[in-house]
Chemist: 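Below: one structure in structure tokens.
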Amino acid sequence: MPKAYEPQNYEDAIYSAWEESGFFNPDHLEGEPFSVMMPPPNVTGVLHLGHALENSLMDIMIRYQRMCGKKTLLVPGTDHAAVATQARVEKNLVKEGHPHPREEFGREKLLEMIRAYAEQSKGTILTQIRKMGTSADWSRLAYTFDEARSKAVTEVFVKMYQDGLIYRGHRVVNWSVKGQSTCSDDELVYVDRPAKLYTFKYSSDFPFTIATTRPETKLGDTAVAVHPSDERYQKYLGQTFEVNFCGVSLKLRVIADEGVDPLFGTGALGVTPAHSGVDFEMYEKQKALGEEIALIEVIGTDGHMTTQTGERYEGLSVEEAREKVVACLKEQGLLVSEEEIEQSVGSSDRFGDVVEAIPLTQWFVAVNKEIPGRGKTLKELMKEAVTVGHQGDPEKKVRITPERFEKSYYSWIDHLRDWCISRQIWWGHRIPVWYRGEEVFCGKENPEGDGWTQDPDTLDTWFSSGLWTFSTLGWPEQTNDFRTFYPTTWMQMGYEILFFWMARMILMSTYVLDEIPFKDVYIHGMLRDKDGQKFSKSLGNGIDPIEVVNKYGADALRFSLIAGVSPGNDAKFYEEKVEAGQHLVNKLWNISRFVLTSVENVQAVASVKPQTAADQWILSRFSEVVEKMTLNMKNYEFSAAGELLRDFTWNDFADWYLEIAKGQRQTDKEKTDAILLFILERLLVLWHPFMPFVTEEIWKQFETDTMMIIHPWVTDLPSVEEGENKFTFVQDCIVAIRNLRAQYKVEPAKFIEAVIVHKDKALFLREQEALIKQLARINILKIEESAEQPEGSVSTIVGDVKIFVPLAGLVDGEKEKAKLEKERQEVEQYLASLEQKLSNRDFLSKAPEQVVESLKEKKKEAEKKLNTIIEQINFL
RNA sequence: GGGUGCUUAGCUCAGUUGGUUAGAGCGUCUCGUUUACACCGAGAAGGCCAGGGGUUCGAAUCCCUUAGCACCCACCA
């Protein structure tokens, strides 16, 4: 074995061997099903660190469960990411000198280009997932836009259409002028920008002023809304004013609406039904009351003013129109004030431009409509699955870790409005609806007969993502996979897609299958850079996980991503962390190297007999580790599990026991070696989910088969027989001597001469002299049967043996004395506080026994320590 | 405006239902070691757990409150 572990030399070969073994595929596994669907990365480029984190989490979980004997399935996949991908390709084309890709290439050609880009990007991504060591079943690879998944999309669309849950409606939606497409409310990113708030009058004879940041939209105002109880405007309610607003005649009715804040501005709000979601709602309310107000579109889908605005404004851009209106208001003296404010505006996540509210005919999913035959709305289904369980069945409850995200999920659902699912881009699932004159056809197959035209729009990408947990299992076919693995067992995702994705998966699954999509969701936080900034292209602080893997190895990266991180909280990523991971991997490698190269006969050891106190200690500690790790994994405490293993591996096993073992071997090599092999092999098993590559490589020294399948050692306590423990006394002496040396600040490098004196044990000690020398790194000066304490020495007692250590070689006496005095004070204080507690009746009567007991123990220890300190001070 | 999270060692963060001198990694300092590992070992320094109040025998942990930071949601026109 080489001195240092160099991951590059092993990882690819190991991954290939895993793939060839076939164990990524659950068809070759027995046991209870355990399924995880990989959140499909967008085919818009390459993986980033967030994906690396997700892959680490999923793979730790899957490998652990597989070793526990579960029939594990991790389905890998990618997402066609409709808008995101098309936007990316168009952006690239614009850069390459094609300013209007859609016009220039047309639907088919552009689609072909996007497809080519997506395929290339997909290839890169899948390679990257392999690089992380992810044990996904590649034979079940899925893609949201492949044939099987598209079939599921159509199936669901038609079902929803037939149930009346999908409908076509004309209403105000978010429109990206740049992208020439709608986007859903969730896809908006709110950005703060400075704006001007104009307070004005529509005309000189209009009775009150209103405020706006968008004067140009006021050309489409058809009402003025005030709060129903606002006394100032009572007398105007219901009246209609005809005004000439900067050259456009408007009819404005004064209406009442609860939503108007009477304290804001003048308490009166200009209503523009066509260009504001809120105003549109008021418009609908009025309509419902039978008091319809007009709806005038003044901004077109091209972002310019429509013919409705008359010759004066038609064709102007929004900005130009605004200037013109403001200029006109100023000129006519209608502008009361102009104020600089900070405004939060919704902009398109993908295209980046500020969206316009425009009334359009679009497809929607009705979330507040009762589902035929179910007596519930989609919204209710979505909520129920998380609160009490689907259909009130606690067995069908989605459990979210950490719990606090449930709350934000509920509040999101409460605010949820009908979901606009149609997009005017081309890259995506085409809406399965055809038109012929007045006829409308919605079906899984093309309609029969001539003259049908398919709806040109495509579906929101989250529509297909919502089906992911079951479309990946071959639904709508009633596949074996579907029966075996549904609902899926576990899911992990970042909190930023809780609403986008988790909510929609719950919606789709409960509606379509009458079943929850998964039992458990683990929410992780976002990775940020060293300064706490998000990783983003625009900041240029992105890190390619593959570069990190190439430099430090996948195991090191995996460990660095999960260590010191808690669920749902953001974590900072920096190279030093990966370095620490690399050191750990290397440590494990070197521990193995030491054991495997120094042991006579490398073989699996089924059971061991501890011979010494050290043996006993390390074995019981190891049992404890197995036990704790089982608990940690059950609670998804990956970080705690990893750190537990690290501490045992490094501090207990490597630094402590290995050193002891070196000495013990001089007396009983065979038995010590057995324990080393015993622990090492089992330790590899525990490590494997976290560091699959390095453990697998070391494992080859023990076994010929891969270690990735069933291993009872993951959870079973090691089998340890009752041992003879004949070295206990020697061990105790060694510990005592080491302690003594530490207490007196003797430099550990210097070999100190110790005198061990006793009656009965003298003979035995002489036999063990070599061992003690080695272990405690001391010289034994003499072993005597009568005890005369030598001049200038200190002593400690082990059982019925007294050990003297000469004080020669001690550091500065006065300084030591001062330190000891200080220490004595501290211990005395501590002791006093303990005594006080222990004499407190309230405490004794109310505290649990264990606590009182442990306190008594501590008191004893403290007293002992105090005595030692006093003894030391007296000597100095 | 509503909500959530965070504030713990120089830095990055753990701390499971309250349980008794508060932990890790990195960094710093001292000493040592080069036949498992300098990607090493033995030690040390460093914390009124953001401030204040309360509940309790006992609080980093529960409650109230103040401040700062971050994020999410919402129709301040």
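Because the structure is a prediction, the values reported are computed rather than measured. Throughout, a chain's letter reflects where its sequence line sits, starting with A, and its residues are numbered from 1.
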Chemist: How does protein contact run along nucleotides 60-65 of chain B, one letter per nucleotide 5' to 3', with B for base contact, S for sugar-phosphate only, - for none, heavy atoms under 4.0 Å?
Modeler: ------
Chemist: Please produce a list of atom pairs where a protein N or O lies less than 3.5 Å from an N or O of nucleotides 11-16 of chain B.
Modeler:
from	atom 1	to	atom 2	distance (Å)
B:U12	O4'	A:Tyr574	OH	3.4
B:U12	O2'	A:Tyr574	OH	2.9
B:C13	O2'	A:Gly564	O	2.6
B:A14	OP1	A:Ser566	OG	2.6

Chemist: Rounding to an integer number of Å, can you tell me how far A:Leu557 CG sits from B:C39 P?
Modeler: 21 Å
Chemist: Can A:Glu863 and A:Lys860 be counted as an ion pair, charged N to O under 4.0 angstrom?
Modeler: no
Chemist: What are the two closest heavy atoms between A:Ala274 and A:Val172, and how far apart are they?
Modeler: O-CG2, 3.6 Å
Chemist: Can you name the side chain to side chain donor-acceptor pair (under 3.5 Å) partners of A:His275, sequence neighbours left out?
Modeler: none
Chemist: Has A:Arg593 got a side-chain N or O lying under 4.0 Å from the OP1 or OP2 atom of B:C37?
Modeler: yes
Chemist: Could A:Arg504 and A:Trp419 be counted as a cation-pi pair, given that NZ or CZ must be under 6.0 Å from the ring centre and within 45° of the axis?
Modeler: yes
Chemist: Which residues pass the salt bridge (charged side-chain N to carboxylate O under 4.0 Å, His left out) test with A:Asp257, sequence neighbours left out?
Modeler: A:Lys285
Chemist: Sequence neighbours excluded, which residues qualify as side chain to side chain donor-acceptor pair (under 3.5 Å) partners of A:Glu281?
Modeler: A:Arg417
Chemist: In chain order, what residues pass the side chain to side chain donor-acceptor pair (under 3.5 Å) check against A:Arg171, with sequence neighbours excluded?
Modeler: A:Tyr167
Chemist: Roughly how many Å apart are B:A67 and B:A50, using the C1' atom of each and rounding to a whole number?
Modeler: 8 Å
Chemist: Taking only N and O in the side chain of A:Trp656, is any of them less than 4.0 Å away from OP1 or OP2 of B:A42?
Modeler: no
Chemist: With sequence neighbours left out, write down each residue that passes salt bridge (charged side-chain N to carboxylate O under 4.0 Å, His left out) with A:Asp647, or none if nothing qualifies.
Modeler: none
Chemist: Taking atom C1' in both B:U61 and B:U20, compute the distance separating them and give it to the nearest angstrom.
Modeler: 13 Å
Chemist: Who pairs with A:Glu826 by side chain to side chain donor-acceptor pair (under 3.5 Å), at least two apart in sequence or on another chain?
Modeler: none
Chemist: Can the ring centres of A:Phe638 and A:Tyr522 be said to be less than 6.0 Å apart?
Modeler: yes
Chemist: Give A:Arg646 one of three labels, base, sugar-phosphate or nothing, depending on what nucleic acid heavy atoms sit under 4.0 Å from its own.
Modeler: sugar-phosphate
Chemist: Kindly express the pairing pattern of RNA chain B in dot-bracket notation, using | wherever a base pairs with another strand and counting only Watson-Crick or G-U pairs under 3.5 Å.
Modeler: (((((((..((((.....[...)))).((((((....).))))).....(((((..]....))))))))))))....
Chemist: Any side-chain N or O of A:Lys587 below 4.0 angstrom from OP1/OP2 of B:A36?
Modeler: no
Chemist: How far does the C1' atom of B:U65 sit from the matching atom of B:A24, given to the nearest Å?
Modeler: 33 Å
Chemist: Mind checking salt bridge (charged side-chain N to carboxylate O under 4.0 Å, His left out) for A:Lys700 and listing every partner two or more places apart, or none if nothing turns up?
Modeler: A:Glu697
Chemist: Within residues 407-415 of chain A, which residues have any heavy atom lying less than 4.0 Å from an atom of RNA chain B?
Modeler: A:Lys407, A:His415
Chemist: When you compare B:A74 with B:A60, how far apart are their P atoms, in angstrom units rounded to a whole number?
Modeler: 39 Å
Chemist: Which whole number of Å gives the distance between the C1' atom of B:A22 and that of B:G47?
Modeler: 8 Å
Chemist: In whole Å, what separates the P atom of B:C64 from that of B:U28?
Modeler: 43 Å
Chemist: Only counting residues at least two apart or in another chain, list the ones meeting salt bridge (charged side-chain N to carboxylate O under 4.0 Å, His left out) with A:Arg232.
Modeler: A:Asp230
Chemist: Given the ring of A:Phe594, does A:Lys662 sit roughly above its face, with NZ or CZ under 6.0 Å from the centre of the six-membered ring and within 45° of the axis?
Modeler: yes
Chemist: For the P atoms, the ones on B:G41 and on B:U34, what distance do you get once it is rounded to whole angstrom?
Modeler: 15 Å
Chemist: Rounding to the closest angstrom, what is the interatomic distance between B:A44 and B:G10 at atom C1'?
Modeler: 16 Å
